[in-house]
> 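Sharing a structure here in structure tokens format.
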Amino acid sequence: MADKQDEKKITPRSEDFAGWYNDIVLRAELADYSPVRGCIVFRPDGFAIWEALRDELDRRIKKTGARNAYFPLFIPQSFLKKEAQHVEGFAPEVAVVTHGGGKELEEPLIVRPTSETIINHMFAQWIHSHRDLPLMVNQWCNVVRWEMRTRIFLRTAEFLWQEGHTAHATREEAERETLTMLEVYRKFAEDFLAIPIVAGRKSAAERFPGAEETYTIESLMGDGRALQCGTSHFLGQNFSRAFEIRFLDENNQMVHPWQTSWGVSTRLLGAIVMAHGDDQGLRLPPAVASTQGVIVPIWRKADDRDAVLNAARAALNELENANVRVRLDDREGLTPGFKYNDWEMRGVPLRIEIGPRDVASGEAVMARRDIPGAAGKSKASLDGIAGHAQSMLAEIQKNLLAQARAAMTANTHSVASYARLQEQMAGEGGGGFADIYWCGRAECETKIRDETRATCRAIPLNQSLSPGQCVVCAEPASERALFAKAY
RNA sequence: CGGGGCGUGGCGCAGCAUGGUAGCGCACCUGCCUUGGGAGCAGGGGGUCGGCCGUUCAAAUCGGCUCGCCCCGACCA
């Protein structure tokens, strides 16, 4: 019997984080492996999360003034080579199409790993005057990067994302745009995905190939490893020079525009799983859950059945009318216990249990996914159930962020010596964030990486600290940086 | 590419040392009975053991080769 139970359970998070993560993704039917190495299938429950996330972010992006467009999947190979750092960064992981229509192509096509090159090629033809600026486009698409090692959602050979590309008349305006989008991402991650974020600058080593500055929203997962959840790049004039984008400014001078690009990907699905999941399975923030609440009817005797189901349907109706995304699990032949476990695995934020006792008392049992076990159960009157559910969902949304933030805070350590840093990063698995003074030099960063496997995740914005000494070389350091082992 | 693990019904595994023609749990189908934390009983269907070659009267089991997957590392969103 114990064996039967164990088989149904997922790998405990504390025992094997990677195994736990894979179990949840597969068992909650978010995604499945595909016949193609490194590529995954997004199953309906997983894709629904992406759709919810995409719809919300799309609204927020459009509010900043960007509009959606679509550029081709294939890019002439020569385009990649136009920007020196860019080609160096991406060439090794690019898929190349050499044949089409039964013939070898005159010039091979690459499958986009990102679209700076082809978009800027088009920008060069669309931008002639300062009146054409700013030009702000965004596209939702797939990209391909031939990664050596893949992890479901976190790093797949093909992934879905949005990439925004903008061109501006002045450096200042482009820099402002970079930070505006970083803030859009930060708020989106925290308010919608309930994932706590550190917003900061990347070190030169971690910068996007071709960018002058890269900013990141970084988070910490349950195993103490950091995950880059989104990036916003200030490209300077690197691409506008490489692709000869020029315009006449107000002074009749021919100049290159200043540019940005920014993106988030389906990696965020992995972030949701890792930031919120527990040993029972997935825990979805109500905002992204396609099913926010599930009603489980319970009856013993046949004559209870109708009364229970009637009450359940009435509740369903009221909740639907209040725009709560709810469903009734009236599957026959399954015990309530099975259904509880099933919906908990799938991450549904709120469960509403209605049995004969509840019908008699005009109540329902509300079970919150964010608080496991009996502690998360309470009663609510069936009359006005929608209001109860809505306020409870709002609390769950807030609480998931609070829980994740508490975990991140508990795993962030201010470290004053190199020995302490090594200690924190020792052993397998993550070590959380090490908040250190760093002089900013690549030598010290490399030393840390080589000796602890931690890398610079972010140099947090808005620091108001007095200068200190680099934990590695003891030279003066004007800023603190967060180092961690990363996904 | 280096290290580790693994390929046997849909899933998880046993069988392999001492070769004899495949078994268990879950899931599935039918019926009865059940439903407040992963129900029970009975009866069913489904695999030729990743692939190839070899040894043998006989291979899931022995030998060789090969393909694939997962995990850890280097690369990266």
> Can you sort out which residues in residues 275-296 of chain A have a heavy atom within less than 4.0 Å of RNA chain B? Ascending by number, please.
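The answer is none.
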
> Does C70(B) have its OP1 or OP2 closer than 4.0 Å to a side-chain nitrogen or oxygen of N22(A)?
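It does not, given that no N or O in the side chain of N22(A) lies less than 4.0 Å from OP1 or OP2 of C70(B).
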
> When we call it a touch if two heavy atoms are under 4.0 Å apart, what does F159(A) touch: a base, just sugar-phosphate, or nothing?
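Base contact.
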
> How is R112(A) classified with respect to the nucleic acid when contacts are heavy atoms under 4.0 Å: base, sugar-phosphate, or nothing?
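Answer is nothing: R112(A) stays at 4.0 Å or more from every strand.
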
> Restricting to nitrogen or oxygen on both sides, can you table the protein-nucleotides 33-35 of chain B pairs closer than 3.5 Å?
| unit_1 | atom_1 | unit_2 | atom_2 | d |
| --- | --- | --- | --- | --- |
| U35(B) | OP1 | R300(A) | NH1 | 3.2 |
| U35(B) | OP2 | R300(A) | O | 2.8 |
| U35(B) | O2' | W299(A) | O | 3.0 |
| U35(B) | O2 | L334(A) | O | 2.8 |
| U35(B) | O4 | W299(A) | NE1 | 2.9 |

> Can a donor-acceptor pair under 3.5 Å be found between the side-chain atoms of D358(A) and the base atoms of G36(B)?
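Between G36(B) and D358(A), which were checked side chain against base, a qualifying N/O pair under 3.5 Å is present.
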
> Can you find an N or O donor on one side and an acceptor on the other, under 3.5 Å apart, linking the side chain of E344(A) with the base of G38(B)?
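Looking at the base of G38(B), it does not pair with any donor or acceptor on the side chain of E344(A) (distance under 3.5 Å).
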
> Which is true for T214(A) with a 4.0 Å heavy-atom rule: it touches a base, it touches only sugar-phosphate, or it touches nothing?
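No contact.
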
> Indicate whether any N or O donor in one side chain lies under 3.5 Å from an N or O acceptor in the other, for Y418(A) and E451(A).
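Yes, E451(A) and Y418(A) have a side-chain donor paired with an acceptor closer than 3.5 Å.
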
> Tell me the stems RNA chain B sits in, counting at least three consecutive Watson-Crick or G-U wobble pairs, each under 3.5 Å on both distances.
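Stems for RNA chain B, defined as runs of 3 or more consecutive pairs: B:1-7 with B:67-73, B:10-13 with B:23-26, B:28-32 with B:40-44, B:50-54 with B:62-66.
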
> Under 4.5 Å between any side-chain heavy atoms of P76(A) and F79(A), yes or no?
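SC-SC contact between P76(A) and F79(A) confirmed.
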
> Determine whether any donor atom in the side chain of K377(A) lies under 3.5 Å from an acceptor atom in the base of G37(B), or the reverse, and answer yes or no.
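Under the 3.5 Å cut-off, the side chain and the base do form a donor-acceptor pair.
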
> Reckon T231(A) touches a base, only the sugar-phosphate, or nothing at all at heavy-atom distances under 4.0 Å?
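Here T231(A) touches no strand at all.
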
